[in-house]
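Note that ligands are numbered from 1 as they come in the structure, with each ligand's atoms numbered from 1 the same way.
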Amino acid sequence: RIRANCRMYLQAFRDHFGPGSLPLYASKAASFKQMYRIMAEEGMGVDVVSSGELYTALSAGFPAERIYFHGNCKTDADLAYGVSQGIGFFVADNREELLALEKTAAEANVTQKILLRVTPGIDPHTLQAINTGRIDCQFGVPIETGQAARFVADALSRKNLIVEGFHSHIGSQIFEAEPFCDAVDILLDFAQAMRQAHGFVAETLNLGGGFGVRYLESDPVVDIPGNIRALAQHLRQGCAEKDYPVPKVLLEPGRSIVANAGLTLYRVGGIKTIEGYRSYVTVNGGMTDNPRYALYKAPYTVVPASRMNDVRDLTCTVAGRCCESGDLIQENIQLPEMQRDDLLAVLTTGAYNFTMASNYNRIGRPAVVFVKDGKARVVVKRET
Ligand code: LLP
């Protein structure tokens with residue numbers, strides 16, 4: 001499924017965008033060596049957001065030149081590590097980072113390619129907590145206030161940095177092409193203004209991540225190739241109107257590469273019915289492997305893996321094992337009468353579960369097991 005998702009993006013890119021355009025896997029969605037090996041084999045780029053992700057990618061043999069380093073507070077150590085490893089691009093987030101990166105690159109006697117992260121000020125109507133394209137946020141530099149124009153002027157004046165273009169990320173769980181087209185309009189207007197001001201032509205537009213996945217059957221089906229076609233048409237038309245050279249396009253899908261490849265299997269501890277209130281089904285995991293319900297009230301489909309044919313007549317809440325009343329996986333769902341040692345499966349947990357896991361209460365993280373053609377293998381060992 002992971003490979004099929006990559007190929008869907010790669011094919012749509014070949015069909016609709018020009019040479020040099022590339023989907024970059026946003027590896028915060030699921031970061032361990034085997035993911036980077038698959039991305040390398042499939043010919044994807046990757047986006048990393050920390051020295052830890054970069055280290056994991058490089059350890060897996062992922063080619064440095066196809067790595068893009070993100071983050072709104074990269075440390076000096078992050079910058080030095082990325083520069084020394086010869087990574088393709090830093091996505092510069094702010095002016096202080098430009099100064100620090102210029103210094104690091106000068107010391108290493110290299111010129112470092114960068115993209116400049118700007119905020120187009122778009123609200124794609126997604127969950128507030130995972131909405132990062134608004135002006136009032138801690139990522140990038142806003143266009144509307146004039147600060148992004150100064151950011152560009154500053155970046156262009158730095159000898160050891162080569163500005164290749166712009167980046168924006170408008171949010172996550174976006175089902176349509178439209179918010180991306182709105183971002184393209186704003187970025188092209190901005191790029192045109194920068195061409196007029198500095199004679200600078202952006203070679204690359206990185207439009208960030210964000211295509212959605214179906215967590216529930218009632219969620220819309222996303223036509224990713226169709227959205228990419230619409231986006232490409234919109235971009236070409238916008239460039240033609242402005243007589244602007246059509247840039248290379250990068251996207252950074254995370255969730256839509258890996259979410260629907262994954263599910264979490266829990267062992268049931270028991271059922272606790274609080275008479276007159278509700279029933280809890282407890283499981284041997286919870287917010288430590290999937291904090292998304294606690295954080296965002298994220299919806300999931302939960303199925304009784306070891307009792308798929310039983311009547312689901314128990315309305316219940318699935319609770320984890322932390323000493324924390326908010327440690328819930330889902331509330332008010334329908335399951336059969338579960339018993340200790342039954343298996344419960346939570347679907348579509350391939351993205352932002354393993355990577356957001358913690359050791360709260362000193363609970364070990366679960367194993368990650370890859371399955372293909374009826375064969376299973378452990379790609380991350382269970383913590384003991
Ligand atoms: N690029 C940038 C700069 C991002 O900030 C993100 C996600 C992506 C790409 C990938 O977006 P995706 O295609 O996966 O939607 N932990 C949250 C999501 C926060 C994601 C923030 N950035 C969750 O569990 O839903």
Side-chain angles (χ1 to χ4, degrees), residues 2 5-6 8-9 22-31 35 39 44-50 53 67-74 89-94 97 114-120 122 124-134 137-141 165-177 179-180 183 187 204-215 219 222 224 227-228 231 249-262 264 287 289-300 329 346 348-358:
I2 294 167
N5 288 340
C6 292
M8 167 184 70
Y9 271 100
L22 190 68
L24 318 175
Y25 167 58
S27 63
K28 76 200 77 178
S31 177
M35 283 304 292
M39 295 306 135
M44 302 277 289
V46 301
D47 119 28
V48 300
V49 296
S50 68
E53 286 185 357
I67 297 180
Y68 291 67
F69 200 144
H70 263 289
N72 64 337
C73 188
K74 301 178 190 79
F89 290 83
F90 282 88
V91 183
D93 178 272
N94 56 70
E97 183 187 330
I114 60 171
L115 299 177
L116 300 176
R117 179 159 180 171
V118 296
T119 37
I122 285 176
H125 308 294
T126 171
L127 297 174
Q128 178 77 8
I130 55 176
N131 176 346
T132 48
R134 289 168 299 117
C137 78
Q138 72 272 51
F139 307 107
V141 183
F166 304 118
H167 172 281
S168 78
H169 172 76
I170 53 175
S172 274
Q173 271 299 77
I174 302 169
F175 293 97
E176 311 286 342
F180 289 97
L187 289 176
T204 302
L205 281 191
N206 181 334
L207 299 172
F211 282 126
V213 299
R214 295 176 79 203
Y215 289 102
D219 283 338
V222 199
I224 290 175
N227 285 344
I228 289 176
L231 183 58
V249 175
L250 307 173
L251 285 175
E252 299 169 334
R255 188 187 318 267
S256 53
I257 295 291
V258 69
N260 66 7
T264 306
M287 67 187 291
D289 55 84
N290 183 358
R292 297 188 73 257
Y293 189 78
L295 273 173
Y296 318 126
K297 286 262 182 294
Y300 281 102
I329 290 291
V346 179
T348 328
T349 57
Y352 302 116
N353 275 227
F354 183 75
T355 45
M356 292 172 74
S358 75

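In this structure, the separation between NZ on Lys74 and CG on Asn72 is 8.0 Å, given to the nearest 0.5 Å. Separation of atoms CE (Met356) and CZ (Arg292) is listed at 6.5 Å; rounding is to 0.5 Å. In this structure, CZ in Phe180 is found 4.5 Å from CD1 in Ile170, a value given to the nearest 0.5 Å. Atom CG of Asn290 is separated from atom OH of Tyr300 by 4.0 Å, given to the nearest 0.5 angstrom. Note that the CD atom of Glu252 and the NZ atom of Lys28 stand 6.5 Å from one another [nearest 0.5 Å]. Atom OH of Tyr352 sits about 8.5 Å away from atom OH of Tyr296, to the nearest 0.5 Å.
Proximity of Ala26 to ligand 1, defined as any heavy-atom pair under 4.0 Å, is confined to the side chain (atoms from C-beta onward). At a heavy-atom cutoff of 4.0 Å, ligand 1 is contacted by no atom of Val91, backbone or side chain. By the criterion of a heavy-atom distance under 4.0 Å, the side chain of Tyr296, and not its backbone, is placed next to ligand 1. Residue-level proximity to ligand 1 for His169 is carried by the side chain, the only part with a heavy atom below 4.0 angstrom.
Atoms of ligand 1 found under 4.0 Å from any heavy atom of Arg117 (numbered from 1 in listed order, with element): 3 (C). Listed by number with element, the atoms of ligand 1 under 4.0 angstrom from any heavy atom of Pro253 are 13 (O). Using a 4.0 Å cut-off to heavy atoms of Arg255, the atoms of ligand 1 that qualify are 12 (P), 13 (O), 14 (O), 15 (O), 18 (C), 23 (C), 25 (O). Close approach to Asp47 involves these atoms of ligand 1, each under 4.0 Å from a residue heavy atom: 1 (N), 9 (C). Remark: ligand 1 atoms within the under-4.0 Å shell around heavy atoms of His70 are 3 (C). The ligand atoms of ligand 1 that sit less than 4.0 angstrom from a heavy atom of Gly254 are 12 (P), 13 (O), 14 (O). Counting atoms of ligand 1 from 1 in the listed order, those under 4.0 Å from a heavy atom of Arg292 are 23 (C), 24 (O), 25 (O). For ligand 1, the atoms closer than 4.0 angstrom to any heavy atom of Met356 are 16 (N), 24 (O).
At least one heavy atom of Gly210 sits closer than 4.0 Å to an atom of ligand 1.
The two residues Asn94 and Val141 have their closest heavy-atom pair at CA-CG2, 4.3 Å.
One option in Lys28, Gln173, Glu252 has a heavy atom closer to atom 4 (C) of ligand 1 than any other, and that option is Lys28. One option in Gly208, Ser256, Ala298, Ser172 has a heavy atom closer to atom 11 (O) of ligand 1 than any other, and that option is Ser172.
Less than 6.0 angstrom separates the ring centroid of His167 from the ring centroid of His70.
Ring geometry for Phe69 versus Phe90: interplanar angle under 30°, hence parallel rather than tilted (30 to 60°).
Between the side chain of Asn260 and the backbone N or O of Arg214, no donor-acceptor pair lies under 3.5 Å.
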